[in-house]
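For reference, the structure is listed below as structure tokens.
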2 protein chains.
Amino acid sequence: MTSTADKILDVAQSLIVAGGYNAFSYADISDAIGIRKASIHHHFPTKAELVAALVDRYRQQVEAGLKSLQAQSANPADQVQSYLNFWQTCIRDASLPFCVCAMLAGEMQMLPDDVASRVRAHFHSLAKWLASVLQAGAEQHVFRLDQGPEDEAQVLMASVHGAMLSARAFGDPELFAAIVNAQIAKLLVQGR
Amino acid sequence: MTSTADKILDVAQSLIVAGGYNAFSYADISDAIGIRKASIHHHFPTKAELVAALVDRYRQQVEAGLKSLQAQSANPADQVQSYLNFWQTCIRDASLPFCVCAMLAGEMQMLPDDVASRVRAHFHSLAKWLASVLQAGAEQHVFRLDQGPEDEAQVLMASVHGAMLSARAFGDPELFAAIVNAQIAKLLVQGR
DNA sequence: GGGTAACTACCTACTAGTAGGAAGATGACA
DNA sequence: TGTCATCTTCCTACTAGTAGGTAGTTACCC
């Protein structure tokens, strides 16, 4: 039993993931969940507010997910691998074939300010998480970093988003795994 | 003295780079170059045809550019670096802050088939070029590849596109250079 | 009765695309 | 050389459909 507001965000999320901010309309959501357009405006007065709320929810889910990954294993290599496996699964079964914020980041210049700042915040928090895990891994000698953990985190994050793009461009979900696993191999000490 | 058709494609390109396929209209182009909407339809009957022509032109320019890079230097490391420098400059001066095809790749699922196939073709040709340069570099011992040249090419290409995304998300053009240069460092033999 | 969530009905602005015409350039031919 | 037909380019004026958003109403629930 999910609330209507959540259903609206669910549909909006899958539509944004498919085509971005400008590729969905209130009418699309209306059709998808069997509710009138005006009713969506009741929950989210403007499109900008809807997407801002969506990004807030997404960020919250991501941060909770990352935290739970750290709870499941103390090994930084496992933590990073679990993060990548999450996306591998999402892309393979097409349940969430792209990161909402990566999608929106491409449209940054045309996004309402309230949305853009939230997207930027997600990038910051993800980079921070990756940096902390990489640093812990370096201290435990499971990772060998060529650069500082913040820089390596940026490289890894870019690889993940770029791999999503490539998987989509080539229409090959497995390409994502191939790219990110090759990238991880460059960080693992036993890979040298 | 550029033709009207070229001016239309120029404007369309910068609009697509800014926000993607759905973020521009014939009216936008009309306003930008001082020509009526109907006149644009005369040159490009439908939006799908316009963007398909645009991607064709883009691909042609890219392939010519890559070929000229190989003519300028026989050193594979220089060739890759020149390619990255090109984007560094484009992103720094905001003249072309994103790859047209990378932008469109994100919207793949919603693109007209004629456009999508052309975007895919660009990804194929870029991956092929990078793979050939990486392979030549491995043979000349300027690169050390952990994987086959095709796989390493995919990793590098993903890094480039992901770096564009990050630079945009953080609003920091220098981030692109930081990411791709760190990635290149992992391939150079003297970096080990 | 007040709040919430849904509805019908509507608005204005904009979307891609079309019909048909005016202006100028080009080339053929007597 | 004059003129006629054709082609290209751009125009005005229009269409049907969709965009995000609003006003006011009904129904239910605490």
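Here is the naming used below: chain letters follow the sequence lines, and residue numbers restart at 1 for every chain.
- Remark: B:Lys7 pairs with B:Thr2, B:Ile33 by the side-chain contact (heavy atoms from CB on, under 4.5 Å) rule, at least two apart or across chains.
- Interatomic distance, B:Phe24 CZ to A:Asn22 CG, rounded to the nearest 0.5 Å: 11.5 Å.
- When rounded to the nearest whole Å, the span between NZ of B:Lys7 and C1' of D:dT9 equals 13 Å.
- For the pair B:Tyr26 (side chain) and B:Thr46 (backbone), a donor-acceptor distance under 3.5 Å is present.
- Contacts between residues 12-35 of chain A and DNA chain C, defined by a heavy-atom separation below 4.0 Å, involve A:Ile35, listed by number.
- Of the residues in residues 47-55 of chain A, not one places a heavy atom less than 4.0 Å from an atom of DNA chain C.
- Contact between the side-chain N/O atoms of B:Ser39 and the OP1/OP2 oxygens of D:dC11 is found at a separation under 4.0 Å.
- Straight-line distance from the CZ atom of B:Arg36 to the C1' atom of C:dA22: 15 Å, rounded to whole Å.
- Contacts classified as salt bridge (Lys or Arg N to Asp or Glu O under 4.0 Å) and involving residues 32-59 of chain B (residues at least two apart or in different chains) are given here: B:Asp6-B:Arg57, B:Asp10-B:Arg57, B:Asp56-B:Arg118, B:Arg59-B:Glu63.
- Closest non-hydrogen pair, A:Pro97 versus A:Val17, comes out as CD-CG1, 3.7 Å.
- Distance NE2 (B:His42) to C1' (D:dC10): 8 Å, rounded to an integer number of Å.
- Judged by distance alone, with hydrogens and angles left aside, the side-chain atoms of B:Asp28 form a donor-acceptor pair with the main-chain N or O of B:Ser25 at under 3.5 Å.
- Residues meeting the salt bridge (Lys or Arg N to Asp or Glu O under 4.0 Å) test with B:Glu174, sequence neighbours left out: B:Arg92.
- Per the geometry, CD1 belonging to A:Ile8 stands 14 Å off P belonging to D:dG20, to the nearest Å.
- In this structure a side-chain-to-backbone donor-acceptor pair under 3.5 Å is present from B:Glu152 to B:Gln147.
- Rounding to the nearest 0.5 Å places OG1 of B:Thr4 at 4.5 Å from NE2 of B:His43.
- Between A:Thr4 and the phosphate of C:dA6, there is a side-chain N or O to OP1/OP2 separation shorter than 4.0 Å.
- No side-chain donor-acceptor contact under 3.5 Å links A:Gln88 to the backbone of A:Phe176.
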Starting at the 5' end of nucleotides 22-30 of chain D, put B wherever the base has a protein heavy atom under 4.0 Å, S where only the sugar-phosphate does, and a dash everywhere else. BB-------
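- Rounded to the nearest 0.5 angstrom, A:His124 NE2 and A:Ser117 OG are separated by 12.0 Å.
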